[in-house]
Amino acid sequence: MASEDVVGKSRGDTAVNTIVNLAEEAKLAREGVKGPGHQVLTVCKSLFAGGVAGGLSRTAVAPLERLKILLQVQNPHSIKYNGTVQGLKYIWRTEGLRGLFKGNGTNCARIVPNSAVKFFSYEQASRWVFGCNYSCLATENAQLSPILRLGAGATAGIIAMSATYPMDMVRGRITVQTEKSPYQYRGMFHALGTVYREEGFRALYRGWLPSVIGVVPYVGLNFAVYESLKDWLLQSNAFDLAKDNELHVVTRLGCGAVAGTIGQTVAYPLDVVRRRMQMVGWSHAASIVTGEGKEALQYNGMIDAFRKTVRHEGFGALYKGLVPNSVKVVPSIAIAFVTYEAVKDVLGVEMRID
């Protein structure tokens, strides 16, 4: 009997707890407070919006992205790509349409989670910084200052880049290989396995340090400039661009373009060094890297890569591929920001990058 009483009491307590929980959920709903389930759904929607934004923006400029990397790493003794128009024509003539989009599948596989984590991390970092520093550092109208936005953007960029860096590393190699390469990576997973097996785990993060350093001005300035421009236009209604306290899509595209141009120009030399370091140790390097009858330079680290690049090719080599990158980064960043906000609006996500 005692055991039956205990079981009955346990079941009774469970039923009471269930009723109490339901009552609390109903009360929260009446008061407009969102429960944990709603928060999880909101996070998933935000991640999805970031992934769609990243994949769409990168696919739109994939040919320019591939040409940029080819210009960054090609051996100076064997020039095949000499400028944006000539380079695109050469790829089309020698590799066809598929050549223009080589590596884009791997890039999207990387950029979708990267973009999702980046946008979500920015929002969470902004909320954390805002909560910790509102009393002394936030602006009077309850918005983050440009410096805090820069810090939140840099934090988001480092987290997202570090989480997906191995995919970026092998994407660079897949992008560089041509039909005449002595060894072919058959895809992202094959490349990851091959690099790990032949060069070790550390090789998957080769070039990580300049990437981290470059993220601070690149991603940080992207978010800081984009958000600050939007706020300035909304508050001042400069050029009569703000209608009903909202900016037109074209205006937001312009803000994203300015942000992308500033960020990529400041961080570009670090991107060149990163790409070159990613090719180190590739015994079956494509002819574009080694040249014909020549050996690719070997770098012992970030500083060594900077020094050898400038010594052998001049300071201008740190900006190889800047033109196609400038052409692609403007629509890429702009499309990413606008797509992200548009998808969030469609999904009804309440978190904003404000």
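Being a predicted model, the structure only gives us computed values, none of them experimental.
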(message) To the closest 0.5 Å, what do you measure between CG (L97) and NZ (K102)?
(response) 12.0 Å
(message) Nearest 0.5 Å, please: how far is CZ in R171 from CD in E65?
(response) 4.5 Å
(request) Report the residue from Q264, K68, R276 that forms a side-chain hydrogen bond (donor to acceptor under 3.5 Å, both in side chains) with D271. (result) K68
(request) Report yes or no: do F189 and M169 belong to one cluster of Ile/Leu/Val/Met/Phe/Trp/Tyr joined by side chain heavy-atom distances under 4.5 Å? (result) yes
(request) Considering non-hydrogen atoms only, spot the tightest contact between T59 and C108 and give its length. (result) OG1-SG, 3.2 Å
(request) Drop me the distance from K328's NZ to R58's CZ, to the nearest 0.5 angstrom. (result) 5.0 Å
(request) Identify the heavy atoms of K80 and Q86 that sit nearest to each other, and give their distance. (result) O-NE2, 3.2 Å
(message) Quick one, T84 with L64, criterion side chain to side chain contact (heavy atoms under 4.5 Å, CB included). Give me CA distance, side-chain angles, the key distance, then yes/no.
(response) CA-CA 8 Å; T84 304; L64 291 167; 4.0 Å; yes
(message) How close do I174 and A191 get, counting heavy atoms only, and between which atoms?
(response) CD1-CB, 4.1 Å
(request) State plainly whether one hydrophobic cluster holds both Y340 and V61, where clusters connect Ile, Leu, Val, Met, Phe, Trp and Tyr through side-chain heavy atoms under 4.5 angstrom apart. (result) no
(request) For G87 and L67, work out which heavy atoms get closest and say how close. (result) CA-CD1, 3.7 Å
(request) Kindly assign one of parallel, tilted or perpendicular to the pair Y319 and Y268, based on the angle between their ring planes and the thresholds 30° and 60°. (result) parallel
(request) Heavy atoms only: give me the nearest V310-F315 pair and the separation to one decimal. (result) CG1-N, 4.2 Å
(message) In terms of relative ring orientation, are F201 and Y196 parallel, tilted or perpendicular, with 30° and 60° separating the classes?
(response) perpendicular
(request) Look at R173 together with E199 and state whether they make a salt bridge at an N to O cut-off of under 4.0 Å. (result) yes
(message) If I take atom CG from residue L88 and atom CZ from residue R93, how far apart are they, to the nearest 0.5 angstrom?
(response) 11.5 Å
(request) Enter the distance from W232:CH2 to E227:CD here, rounded to the nearest 0.5 Å. (result) 15.5 Å
(request) Give a yes or no on whether R311 atom CZ has more than 12 heavy-atom contacts from other residues, nucleotides or ligands under 6.0 Å away. (result) yes
(request) Mind checking the OH-OG1 spacing from Y299 to T309? Nearest 0.5 Å is all I need. (result) 4.0 Å
(request) Determine the minimum heavy-atom distance between G172 and Q278, stating which atoms define it. (result) CA-OE1, 4.4 Å
